[in-house]
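For reference, the structure is listed below as structure tokens.
Bear in mind that the values here come from a model prediction, so they are computed numbers and not experimental data. Per chain, numbering begins at 1; letters A, B, ... match sequence-line order.
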Amino acid sequence: MLWSKTLIPTMKETPEGAEIPSHILMLRAGLISQVMAGAYTYLPLGYRALRKAENIVREEMDRAGAVELHMAALAPLSLYEQTNRVEAFGNVLIKTDLPRGGKKVPVVFCPTHEETITDIVSRYVSSYRQLPITLYQIQTKFRNEERPRFGVLRTSEFLMKDAYSFNPTLESLNASYDAMYAAYCKIFTRCGVPFLPVEAESGPIGGDASHEFMIPSQHGEDKVVHCVCGYAANTEKAEIGPQNIVKPAVEPKAMQEIATPGAHTVEQVCAFLKCKPHKLIKTLIYLVDGKAVAVLVRGDHDANENKVRKTLNAAKVELADPATIERVTGAPVGFAGPVSLKEKLPIIADHAVLGMANAITGANKAETHLLNVNLDRDFAVDKFVDIRNAAEGDPCPRCSETLKISNAIEGGHVFKLGTKYSEALGAKFLDTDETQKTIIMGCYGIGVNRILVGICETSFDDAGIIWPVAIAPYEVVISPIKATDEASMKLANDLCEQFENAGIDCVVDDRDQRPGVKFKDADLVGFPLRIVLGPKGLESGELEIKWRWEKDAKMIPLAGAVEKLVAELNDERKTGKRFRDAKK
RNA sequence: CGGGGCAUAGCUCAGCCUGGUUAGAGCGCCUGCUUUGGGAGCAGGAGGCCGGAGGUUCGAAUCCUCUUGCCCCGACCA
């Protein structure tokens, strides 16, 4: 391919509005172009990279025994009503009415395809002999993001690989799940993206029923909790190891009421009383299956709804509405405390609360807090449990080390679904024992765009992107110093043809530009291998080559050069070894 | 949906506070000459409803009101 015949709009300056490395680099390297907030065009280079990621995903899915199909991006709204997901998705679901002969047909742009695929399987699968089966597709998904951000990291339409396994038994589901898990590890490795599988909330199946594949990145929107021992989980799921907290042997001071006008958040109270958040007991009123429960956590900790739900064995947990809080505590939101709650209700507390003495709490009275509040003397707790999000430095649940917390981008998610959708849509099969059973499902998603974001966010230097060979839009760029020189251009085109015949993606920078311009662009776009054709090499019969991740160029003999480089590129594409080593 | 910011040439921005010829710069683009190993130089040129609507004024990119779009923080994210 000739550079001049394609469209590579590189930019010297950072476009207004781009702030994180991946967004800046993808725009500057001419990979993407914004259409509107949350929607991007993939320009030729970006689309090439995207397709390479897509093909790796496809290869590994096929290898894992999954079968590709392609579902409609549209679906009737009624299908989502059957599974109660119109309400569950809320504004995320993009809906419209299609005019059909004077009538309006309500449809959705599918945000994911559990409904469509389960509907298909319910119609065409009826025997255990057809199971298990894993079906997948790679397709654009539509989810309205109220606040799209960071370029293609978070958009309202994105390319997703979604796979669904249909299994007759839990053992079969586990096998399908494990196969997908293993395939995901291969995919991220082959794509040159650092990744960390973390335990995630597992829903109805329980156990190790869900993992997220997180790409560690400073600008990731998710937080992962991890330990040197290998334990890793997202914040909703992360357990906290034994904390051995005992009640401190401190003389309780006299409890005291203090006016705190306008201070109803931990931050405001701290500013007002000039104290640290860990001196506060935060009292949250939750509605647990419709019943009010007080949950106490230390002021600098965050309550974890999933843990509340599990502890109380409840189906639904949500923060109480202001009216309920006022009824239960006798005060508006922001002044709840465990002492003399107006209405008797269960009180559960995080372990850390046990270690607090002379604490500050809300007084259940408007604009008022209490100082020197002490457990037992001033309030009682029904149960001490792990009920908060893990924090940096908490003990690991698996070893004696402490937990660390890092930002990450969610790149994939594997999930044991159970029978939620098969139940709702009647996907059953006749088992060997001649009874009808509901098919058990798993679902497995990868954000293909996020593979690119993950690379651009983790693999770059001051000059630009550094692509792994497996994903690079072109693996080789050939830059003749003088594009007007016939001999140079002939050699460039010859080499390009040889590379292309060997299955290597190659572009010739045939622009009549000064060398500096070509070098800057080559570095910015990040082609793994750059071959410069200049007077030096032309005379001595040598090629100047430079790997993007290495500092210096080197000369190799022209004779046999292509064969040698093709072999190296093919090897590197498979192993990604040099790319990884260079990053260390 | 709350809070903050921005909107002037293809891109990055100045001008606005304190209204006044024909709205500017750098980069990019076109023409010519020169140059050719890390974003060259000279000369000439094209390119703007100053986001949109309304208002104040003799006069608005500039002041006021409304509106739209984009960016950031927060809330939300099966």
Side-chain angles (χ1 to χ4, degrees), chain A residues 7-20 23-24 27-28 30 33-40 80 83-94 108 110-115 141-151 153-156 158 160 162 200-201 203-204 210 212 219-223 234-236 265 267 305 318-319 409-410 413 415 417-418 420-421 424 441 443 445 447 462-464 479-485 488 509 511-525 530-539 544 546 551-553 555:
Chain A
L7 182 65
I8 308 177
T10 57
M11 285 180 250
K12 263 199 229 183
E13 282 161 306
T14 298
E16 193 197 9
E19 299 200 353
I20 68 169
H23 190 195
I24 292 171
L27 286 168
R28 285 194 55 212
S33 175
Q34 187 180 43
V35 177
M36 57 183 277
Y40 283 79
Y80 281 74
T83 54
N84 278 324
R85 288 222 289 180
V86 177
E87 198 189 320
F89 273 117
N91 287 340
V92 171
L93 199 61
I94 302 180
V108 303
C110 290
T112 170
H113 279 76
E114 279 85 359
E115 280 81 358
K141 294 285 182 282
F142 298 89
R143 298 181 191 184
N144 178 49
E145 288 295 341
E146 299 227 6
R147 194 185 148 207
R149 62 191 121 168
F150 298 143
L153 177 58
R154 190 165 198 76
T155 50
S156 291
F158 54 95
M160 181 174 174
D162 46 324
E201 266 313 309
S210 174
E212 289 171 343
H219 299 100
E221 297 181 288
D222 298 289
K223 292 213 183 299
N234 68 16
T235 44
E236 285 79 48
T265 66
E267 202 173 55
E305 281 187 19
E318 57 184 340
L319 275 173
I409 297 164
E410 184 182 348
H413 196 168
F415 198 89
L417 262 181
K420 182 179 172 190
Y421 296 96
M441 290 174 62
C443 69
D462 290 344
S479 307
I481 291 288
K482 269 183 114 158
T484 49
D485 178 60
S488 292
D509 191 349
R511 296 174 299 171
D512 184 14
Q513 291 282 3
R514 295 168 63 86
V517 174
K518 298 188 180 194
F519 296 155
K520 290 284 186 194
D521 271 348
D523 286 348
L524 176 58
V525 173
R530 188 187 75 191
I531 299 176
V532 175
L533 305 182
K536 297 178 201 167
L538 285 176
E539 281 164 27
E544 176 187 320
K546 180 179 176 298
K551 198 165 163 283
D552 297 311
M555 305 298 288

**Report entry** Interatomic distance, A:Arg514 CZ vs B:U34 P [rounded to whole Å]
**Finding:** 15 Å
Report task. Could you check whether A:Pro9 gets within reach of a base, just the sugar-phosphate, or nothing at all, counting any heavy atom under 4.0 Å? Result -> nothing
Query raised in the report: So which heavy atom on A:Arg28 is nearest to which on A:Pro15, and how close?
Result: CG-CD, 4.1 Å
Report task. With heavy atoms under 4.0 Å as the rule, sort A:Glu19 into base, sugar-phosphate or nothing. Result -> sugar-phosphate
**Report entry** Same-atom distance (P) from B:G69 to B:C76, integer angstrom
**Finding:** 24 Å
Query raised in the report: Hey, which of these two, A:Arg28 or A:Arg85, hits RNA chain B nearer its 5' end, going by closest nucleotide?
Result: A:Arg28
Query raised in the report: Is any side-chain N or O of A:Arg530 under 3.5 Å from a base N or O of B:G38, one able to act as donor and the other as acceptor?
Result: yes
Query raised in the report: Counting N and O atoms only, with roles assigned by atom type, does the side chain of A:Asn144 sit under 3.5 Å from a partner on the main chain of A:Asn91, one being a donor and the other an acceptor?
Result: yes
Report task. Send over the distance from A:Asp521 CG to B:C27 C1', rounded to a whole Å. Result -> 13 Å
Query raised in the report: In the strands shown, is B:C33 matched to any nucleotide by a Watson-Crick or G-U wobble pair with both distances under 3.5 Å, and which?
Result: B:G41
Report summary line: B:A53 -> Watson-Crick or G-U wobble partner, both distances under 3.5 Å, gives B:U65
**Report entry** Distance-only donor-acceptor test (3.5 Å): side chain A:Glu13, base B:G26
**Finding:** yes
Query - Nearest-Å distance once atom C1' is located in both B:U21 and B:A40 - result: 37 Å
Report summary line: In whole angstroms, the gap separating C1' of B:C11 from NZ of A:Lys12 amounts to 11 Å
Report summary line: The nucleotide from B:G39, B:U36, B:G37 with an atom nearest the side chain of A:Lys482 is B:U36
**Report entry** Flag if over 12 foreign heavy atoms under 6.0 Å of CD, A:Glu221
**Finding:** yes
Requested in this report: Determine the contact category for A:Val92: base if any of its heavy atoms lies under 4.0 Å from a base atom, sugar-phosphate if only primed atoms, P, OP1 or OP2 are that close, otherwise nothing.
Outcome: nothing
Query raised in the report: Taking atom P in both B:A46 and B:U65, what distance in whole Å separates the two?
Result: 39 Å
Query raised in the report: If you round to the nearest 0.5 Å, how far is CE of A:Met11 from CD1 of A:Ile24?
Result: 11.0 Å
Requested in this report: Identify the nucleotide, in any strand shown, that forms a Watson-Crick or G-U wobble pair with B:U12, with both distances under 3.5 Å; if there is none, say none.
Outcome: B:A25
Report summary line: Separation of B:G39 atom P from A:Met11 atom CE, nearest Å, is 20 Å
Report task. Report yes or no: is there a donor-acceptor pair, N or O only, under 3.5 Å between the side chain of A:Arg147 and the base of B:G74? Result -> yes
Requested in this report: Report the relative orientation of the aromatic rings in A:Tyr80 and A:Phe89; use parallel for angles under 30°, tilted for 30 to 60°, perpendicular for over 60°.
Outcome: tilted
Query raised in the report: Paired with B:G48: which nucleotide, if any, by Watson-Crick or G-U wobble criteria at under 3.5 Å for both distances?
Result: none
Query raised in the report: Nearest-Å distance, CD (A:Glu16) to P (B:G51)?
Result: 12 Å
Report task. Check whether any side-chain N or O of A:Gln513 sits under 4.0 Å from OP1 or OP2 of B:A40, and answer yes or no. Result -> no
Query raised in the report: Quantified in whole Å, what is the P atom distance between nucleotide B:G15 and nucleotide B:C33?
Result: 40 Å
Requested in this report: With C1' as the reference atom in both, quote the distance from B:G47 to B:C11 in angstrom, rounded to an integer.
Outcome: 13 Å
Query - Nearest-nucleotide comparison on RNA chain B, the residue closer to the 5′ end among A:Thr14 and A:Gly151 - result: A:Thr14
Query raised in the report: Can you tell me how far P of B:U36 sits from CZ of A:Phe519, to the nearest Å?
Result: 15 Å
Report task. Considering only atom P, compute the distance from B:C30 to B:G38 and round it to an integer number of Å. Result -> 23 Å
**Report entry** Electrostatic pair A:Glu114:A:Lys420 at N-O distance under 4.0 angstrom
**Finding:** no
Query - B:U56 to B:U62 separation - C1' atoms, rounded to the nearest Å - result: 13 Å
Report task. Under a 3.5 Å limit for both distances, which nucleotide forms a Watson-Crick or G-U wobble pair with B:C58, could you say? Result -> B:G20
Query raised in the report: Do you know the tightest heavy-atom contact between A:Glu201 and A:Phe415?
Result: O-CE1, 3.5 Å
Report task. Describe the nucleic acid contact of A:Gln34 in one word from base, sugar-phosphate, nothing, applying a heavy-atom distance below 4.0 Å. Result -> sugar-phosphate
Report task. Mind calculating the distance between CG (A:Asp523) and C1' (B:G37) to the nearest angstrom? Result -> 13 Å
**Report entry** Nucleotide of B:U12, B:G37, B:G74 approaching A:Pro15 most closely (side-chain heavy atoms)
**Finding:** B:U12
Query raised in the report: How long is the line joining CG of A:Asp512 and P of B:A40, in whole Å?
Result: 13 Å
Query raised in the report: A:Phe150 near the nucleic acid: base, sugar-phosphate alone, or nothing, with a heavy-atom cut-off under 4.0 Å?
Result: sugar-phosphate
Query raised in the report: Which distance, rounded to the nearest 0.5 Å, do you find between the CG of A:Asn234 and the CD of A:Glu212?
Result: 4.5 Å
Query raised in the report: Taking the side chain of A:Val532 as its heavy atoms from C-beta onward, which of B:C71, B:C1, B:G37 lies nearest to it?
Result: B:G37
Query raised in the report: With rounding to whole Å, what would you report as the distance between B:U67 and B:A43 at their C1' atoms?
Result: 46 Å
